[in-house]
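Right, one structure below, let's go through it.
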Amino acid sequence: MRQQDRRGLIVARTFNQAREWAAQGDALLLSLTDGLTDAELRAPSSLPGWSVGNLVAHIAANGDALVNLLTWARTGVETPMYASPDERAAGIARGDSLSAAEARTWLEGSIARLHAAMDALTPEQWGHQVVTAQGRTVAATEVPWMRSREALVHAVDLDRGTTFADLPEAFNAALIEDILAKRGSIDLPEGPTADLAAWLAGRPHSLAEAPDLGPWL
């Protein structure tokens, strides 16, 4: 077992990397949901208790919620991600009532709005503080990282052939660092970066004798 300060694996992420990963993740989501049928939308995802439709709706709603934070950073007008926890839950549940075409339209629109909002911010505005749905006060520069996690991890959860091994290696390393900071002191078993990221995120992995950590994100 290696300690969580495994310098050979964990690297500091940059703002530009996070923007690139967010763009890659959203492009991957659009690719994976292209041609999705109504029956496939109702099928279970690999996230326990979530259908593919629930997941697509959650990802789309997350994009719109992050636009709210970027609007806050740009205008200075407090604009929470969600009006309430109930609004977030309603967005997820909405996936059960949408057709594949409707879900795809929402996802495409939210992605376009999110990246347009990111492009619209000035360097100064990126430094403005906003508050996440979990109550954390962060600079707007955190938003691309928040989106890259949602897009890339949930791309795997869609259960349409993408695994953590398909995600950027540097993203998986940054994800490990991020989860370790939130989960606290954890010994890392030996194994590929992709499997370590999947294990820490509570997703399927091939690590031998790694304890169940429960879901994350």
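Sequence positions, counted from 1, serve as the residue numbers for this chain.
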Query raised in the report: Under 3.5 Å, side chain of Asp157 to main-chain N/O of Ser46, donor-acceptor pair present?
Result: no
**Report entry** Nearest-0.5 Å distance, CD of residue Glu78 to CG of residue Asn68
**Finding:** 11.5 Å
Query raised in the report: Can you find a heavy atom in the side chain of Val130 that is under 4.5 Å from one in the side chain of Val138?
Result: yes
Query - Nearest heavy-atom neighbours spanning Gln24 and Pro168 - result: OE1-CG, 3.3 Å
Requested in this report: Decide side chain to side chain contact (heavy atoms under 4.5 Å, CB included) for Arg19 and Asp119; before the verdict, give the C-alpha distance in whole Å, the side-chain angles of both, and the deciding distance to 0.1 Å.
Outcome: CA-CA 10 Å; Arg19 286 210 63 178; Asp119 289 341; 2.9 Å; yes
Report task. Identify which one of His154, Arg149, Arg88, Arg147 satisfies the side chain to side chain donor-acceptor pair (under 3.5 Å) criterion when paired with Asn62. Result -> Arg147
Report task. Would you indicate whether the side-chain heavy atoms of Leu152 and Trp21 approach each other to under 4.5 Å? Result -> yes
Report task. Verify the distance criterion only: is there a donor paired with an acceptor across the side chains of Ser206 and Asp195 at less than 3.5 Å? Result -> yes
Query raised in the report: Looking at CZ of Phe171 and CD of Gln17, how far apart are the two atoms once the value is rounded to the nearest 0.5 Å?
Result: 11.5 Å
Query raised in the report: Have Arg42 and Ser51 got a donor and an acceptor in their side chains that come within less than 3.5 Å?
Result: no
Query - Side-chain H-bond candidate by donor/acceptor type, Gln129 with Thr137, under 3.5 Å - result: no
Query raised in the report: Quick one: are Arg203 and Leu47 in side-chain contact, heavy atoms under 4.5 Å?
Result: yes
Report summary line: Rounded to the nearest 0.5 Å, the CG atom of Asn172 sits from the CD atom of Glu177 at a distance of 13.0 Å
Query raised in the report: Going from CG on Asn16 to CD on Glu20, what distance comes out if it is rounded to the nearest 0.5 angstrom?
Result: 8.5 Å
Query - Partner of Thr33 under side chain to side chain donor-acceptor pair (under 3.5 Å), chosen from Arg160, Glu108, Arg104, Glu40 - result: Arg104
Requested in this report: Side-chain contact test, heavy atoms from C-beta onward, threshold under 4.5 Å: evaluate it for Leu213 versus Leu200 and give yes or no.
Outcome: yes
Requested in this report: Output, in order, the C-alpha distance, side-chain angles, deciding distance and verdict of salt bridge (charged side-chain N to carboxylate O under 4.0 Å, His left out) for Asp178 and Lys182.
Outcome: CA-CA 7 Å; Asp178 196 48; Lys182 293 176 174 61; 2.9 Å; yes
Query raised in the report: What is the minimum heavy-atom distance between Thr141 and Pro144, and which atoms define it?
Result: O-CD, 3.3 Å
Query raised in the report: Is a side-chain N or O of Asp64 found less than 3.5 angstrom from the main chain of Ala61, in a donor-acceptor match?
Result: no
Report summary line: Residues Leu29 and Leu107: closest non-hydrogen pair is O-CD2, 4.3 Å
Query raised in the report: Are Trp199 and Ile186 close enough that some pair of their side-chain heavy atoms sits under 4.5 Å apart?
Result: yes
Query raised in the report: CD1/Ile111 to CH2/Trp106 distance, rounded to the nearest 0.5 angstrom?
Result: 12.0 Å
Query - Nearest heavy atoms of Ala155 and Thr162, plus distance in Å - result: O-CB, 4.1 Å
**Report entry** Under 3.5 Å: donor-acceptor pair, side chain of Ser31, backbone of Ala27
**Finding:** no
Query raised in the report: salt bridge (charged side-chain N to carboxylate O under 4.0 Å, His left out) with Arg94: which residues, sequence neighbours excluded?
Result: none
Query raised in the report: Step by step, would you call Leu114 with Asp26 a side chain to side chain contact (heavy atoms under 4.5 Å, CB included)?
Result: CA-CA 10 Å; Leu114 175 58; Asp26 282 332; 4.2 Å; yes
**Report entry** Minimum heavy-atom distance Ser45-Asp159, with the two atoms named
**Finding:** C-CB, 4.4 Å
Requested in this report: Tell me, with the steps shown, if Leu180 and Leu188 meet side chain to side chain contact (heavy atoms under 4.5 Å, CB included).
Outcome: CA-CA 10 Å; Leu180 285 174; Leu188 291 177; 4.1 Å; yes
Requested in this report: Can you see which heavy atom on Ala57 is nearest to which on Ile92, and at what distance?
Outcome: CB-O, 4.1 Å
**Report entry** Close side-chain approach of Leu98 to Val56, heavy-atom, < 4.5 Å
**Finding:** no
Requested in this report: Calculate, to the nearest 0.5 Å, the distance between atoms CG and CD belonging to Leu66 and Glu142 respectively.
Outcome: 11.0 Å
Query raised in the report: Leu70 versus Trp126: any side-chain heavy-atom pair under 4.5 Å?
Result: yes
